[in-house]
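Only one structure is covered here, and it is reproduced in the block below.
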Amino acid sequence: MADVLSITQHYHQRTKYDPETLSKQGRSLDFSQQPSPFKDYKLGTTIGLKKYLEQGVDTSQMQWQRLSRLLYCSYGITAVIPYPDHPLYLRTAPSAGGLYPAELYVIAGEGTILPAGLYNYQVRTHSLLRFWDSHVWSALESACLWHPALAKTQLAVVVTAVFQRSAWRYEDRAYRRICLDSGHLLGNIELAASICDYKAHLIGGFVDQPFNQLLYLDSDQEGVVAAFALADLLEADQNLPPSPTLLPSPTVEDFPKLPDGELLSYTHTATSITADDITYNNLLPATTKEDKYNFPFCLKVPLSNTPVDWGADLIDLKESILKRRSTRKFTGDPLNLGTLSGLLSFTYCPENYQEQGLDGDPGFFDLGLIQTFIAVLDITDLDTGCYYYAVQAQELRQIRFKNFRRESHYLCLGQDLGRDAAAIVFHTADLQSAIARYGDRAYRYLHMDAGHLGQRLNLAATHLGVGVSGIGGFFDDQVNEVLGIPEEEAVLYITTLGKPPPPPQE
């Protein structure tokens, strides 16, 4: 008897790219139908935040400055590419195809600098639009199943996804990219919070429909994917220990035959939490972080794990957030092992950065579910091949011996980044085990965690002068086959690392 697939396993299988069928799936894009990457409201009160980005703000306005900087570093516009019909507004968080499916909201209770109510972050004007002015904090607590951090704070940041922004281009596979893009944003929020003296307590377990209704969302078009309780570290009573982040959903195995175009929305709805009797009091403990694979007779390479220096007051981290760009081309030249070790240190070892003022226990859902493999194409003092990254042992364990340039070019759908990179990082997970633990909602958690890790790689690479670009389109099954990655590991995300071209001469 064949194994029964849950809806997210079915979704993952259905949305795999396959070399035999991908060329037949091509279609031209109708740019006249492209959804706007910005949300507009007909009514509301605007609070401008631009002036608080300036240096030398009066001390009485420091709270405004911290909130303004938090939102700008999280999702603000940092450049504009002036295309004739549709200017492309580049933001601090990367997005597949520059489509930016995520929206950012702020919810204020009583006693903050903001009047109580609901706010949408208006990216184009760097402002907050207050579209509802009633006290809503108790409704937020209820939707979040009385998460403990919300009892001590009165400010929350909410991330939603507008599905059609990505589905317009990537169709049903867009849900993967939506969750990855949301993960990029979660990474930015967590780091920006540290820069601005906040602790961002991640909340992934909530009852979806009441939360969507709280924000007046059309849940067929837009849905909440994550939230943060924003604790002020300058207030003693809000300096809370880390909080739980996630709850399980049901596992859906009985679902109808879904035509193309309906798979994404059905899958998102199926990953929802509906039962209001689940609470954080009966939360499952997070998976123990351990090195899953110890291949016999493999070469083991220890890493130096030297922390990246982010400078006084984390000024270099802030600059990296603001100047980060996805690299479009690599030179094919090597990187050194010390640089790769530094990138991995910042991404996977946050406890090493507490002395620099960063959160040593940042908001991830369950990193014990994520595995990391690295295809080494040209790293000095390191043999080419595919390695398993054993995070706890801080070593690379070689599982396949060869140079994968030609294969990685093919696996990344013929993108030159896959051919010319010095190293390629693959985030994977055992879907069956994750779903057994957290239900179908695990699919959200896994991809957002992978995106969060990818964003930490992005920022460390930017700081160290390394070219970096995430890739969400790849031949799924062939990655495992070519690199020797165990079959049960589903590939979630790829990040390419390499030497960028020199900057143009002025």
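What you see is a predicted model; the values in this text were computed from it and never measured.
- A side-chain donor-acceptor contact under 3.5 Å links Thr372 and Tyr348.
- Of all non-hydrogen atoms in Arg177 and Ala96, the two that sit nearest each other are CD-CB, 3.7 Å.
- In this structure, the side chain of Arg441 does not engage the main chain of Pro248 through any donor-acceptor pair within 3.5 Å.
- The existence of a salt bridge linking Glu235 and Lys152 is excluded, since no basic side-chain nitrogen approaches an acidic carboxylate oxygen closer than 4.0 Å.
- At a threshold of 4.0 Å, the pair Asp181-Arg176 does not count as salt-bridged, since none of the basic side-chain nitrogens sits closer than that to a carboxylate oxygen.
- Ile178 and Ala161 get closest at one heavy-atom pair: CG2-CB, 3.4 Å.
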Quiz prompt | Working for ring-ring contact (aromatic ring centres under 6.0 Å, His included), residues Phe373 and Phe426 | solution = CA-CA 5 Å; Phe373 297 84; Phe426 297 83; 8.3 Å; no

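- A donor-acceptor pair under 3.5 Å is absent between the side-chain atoms of Tyr438 and the main chain of Tyr445, judged by distance alone.
- Figure legend: Arg91 and Tyr100 shown as a cation-pi pair, the cationic atom lying under 6.0 angstrom from the six-membered ring centre and within 45 degrees of its axis.
- Interatomic distance, CD1 of Ile47 versus CD1 of Ile113, reported as 8.5 Å (0.5 Å rounding).
- Remark: Arg66 engages Asp232 in a salt bridge, criterion side-chain N to carboxylate O under 4.0 Å.
- For Ser341 against Thr306, the heavy-atom pair with the smallest separation is OG-N, 4.5 Å.
- Close placement of the Trp310 and Phe346 rings is indicated, their centers lying within 6.0 Å of each other.
- Annotation: side chain of Tyr75 is not in contact with side chain of Val157 (no heavy-atom distance under 4.5 Å).
- Side-chain atoms of Asp440 and Ser249 include no donor-acceptor pair closer than 3.5 Å.
- Sparse packing is recorded around CH2 of Trp132, with 12 or fewer heavy atoms of other residues, nucleotides or ligands lying under 6.0 Å away.
- Annotation: Tyr11 is not in aromatic contact with His268 [ring centroid separation under 6.0 Å not met].
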Quiz prompt | Glu222 vs Thr160, side-chain hydrogen bond (donor to acceptor under 3.5 Å, both in side chains): CA-CA, chis, key distance, verdict | solution = CA-CA 7 Å; Glu222 181 179 2; Thr160 72; 2.6 Å; yes

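- The backbone N or O of Tyr17 lies less than 3.5 Å from a partner atom in the side chain of Asp476, making a donor-acceptor pair.
- With Phe474 as the aromatic partner, Arg173 meets the cation-pi criteria of under 6.0 angstrom to the ring centre and within 45 degrees of the ring axis.
- Heavy-atom minimum distance, His147 versus Leu202: NE2-O, 4.0 Å.
- A donor-acceptor pair shorter than 3.5 Å can be found between the side chains of Ser68 and His126.
- Under the side-chain hydrogen bond (donor to acceptor under 3.5 Å, both in side chains) criterion, Tyr198 pairs with no residue, sequence neighbours left out.
- In terms of heavy atoms, Lys329 sits closest to Thr327 at O-CG2, 3.1 Å.
- The two residues Leu71 and Leu104 have their closest heavy-atom pair at CD2-CD2, 4.1 Å.
- Thr153 places no side-chain N or O within 3.5 Å of a backbone atom of Ala229 that could act as its donor or acceptor partner.
- Distance check, rounded to the nearest 0.5 Å: CZ of Arg69 to CG of Leu67 gives 12.0 Å.
- Ring centers of His447 and Tyr175: at least 6.0 Å apart, outside the cut-off.
- The 12-atom threshold is exceeded at CG of Asn305, counting heavy atoms of other residues, nucleotides or ligands nearer than 6.0 Å.
- Interatomic distance, OH of Tyr353 versus CG of Asp359, reported as 14.0 Å (0.5 Å rounding).
- Ring centroid separation for the pair Trp168 and Phe31 comes in under the 6.0 Å cut-off.
- Expressed to the nearest 0.5 Å, how far OG1 of Thr339 lies from CD1 of Ile379 amounts to 8.0 Å.
- Counting only distance, with no hydrogens or angles, the side chain of Gln356 and the backbone of Val308 share a donor-acceptor pair below 3.5 Å.
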Quiz prompt | Derivation of the side-chain hydrogen bond (donor to acceptor under 3.5 Å, both in side chains) call for Asn458 and Gln455 | solution = CA-CA 5 Å; Asn458 287 334; Gln455 181 63 351; 2.9 Å; yes

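- Looking at Asp172, its side chain does come within 3.5 Å of a backbone N or O of Leu264 through a donor-acceptor pair.
- Judged purely by distance below 3.5 Å, without hydrogens or angles, the side chains of Lys39 and Tyr105 pair a donor atom with an acceptor atom.
- Residues Gln371 and Tyr389 bring no donor and acceptor atom of their side chains to less than 3.5 Å of each other.
- In this model, no donor atom of one side chain and acceptor atom of the other lie less than 3.5 Å apart for Ser182 and Arg444.
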Practice problem: Run the numbers on Val158 and Val225 for side chain to side chain contact (heavy atoms under 4.5 Å, CB included), then give the verdict. | Solution: CA-CA 8 Å; Val158 182; Val225 293; over 6 Å; no

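- Asp208 contributes a side-chain N or O that, together with a main-chain N or O of Ile273, makes up a donor-acceptor pair within less than 3.5 Å.
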Quiz item: What do the steps show when you test Tyr443 against Thr271 for side-chain hydrogen bond (donor to acceptor under 3.5 Å, both in side chains), and what is the final call?
Solution: CA-CA 8 Å; Tyr443 202 77; Thr271 62; over 6 Å; no

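- In this structure, Thr496 OG1 and Ile471 CD1 are separated by 4.5 Å, a value rounded to the nearest 0.5 Å.
- Contact check on Asp366 versus Lys289 returns no salt bridge, with no Lys/Arg side-chain nitrogen under 4.0 Å from an Asp/Glu carboxylate oxygen.
- A donor-acceptor pair under 3.5 Å is formed between the side chain of Arg165 and the backbone N or O of Pro37.
- Comment: Glu190 does not engage Lys199 in a salt bridge, judged by the lack of any side-chain N to carboxylate O separation of less than 4.0 angstrom.
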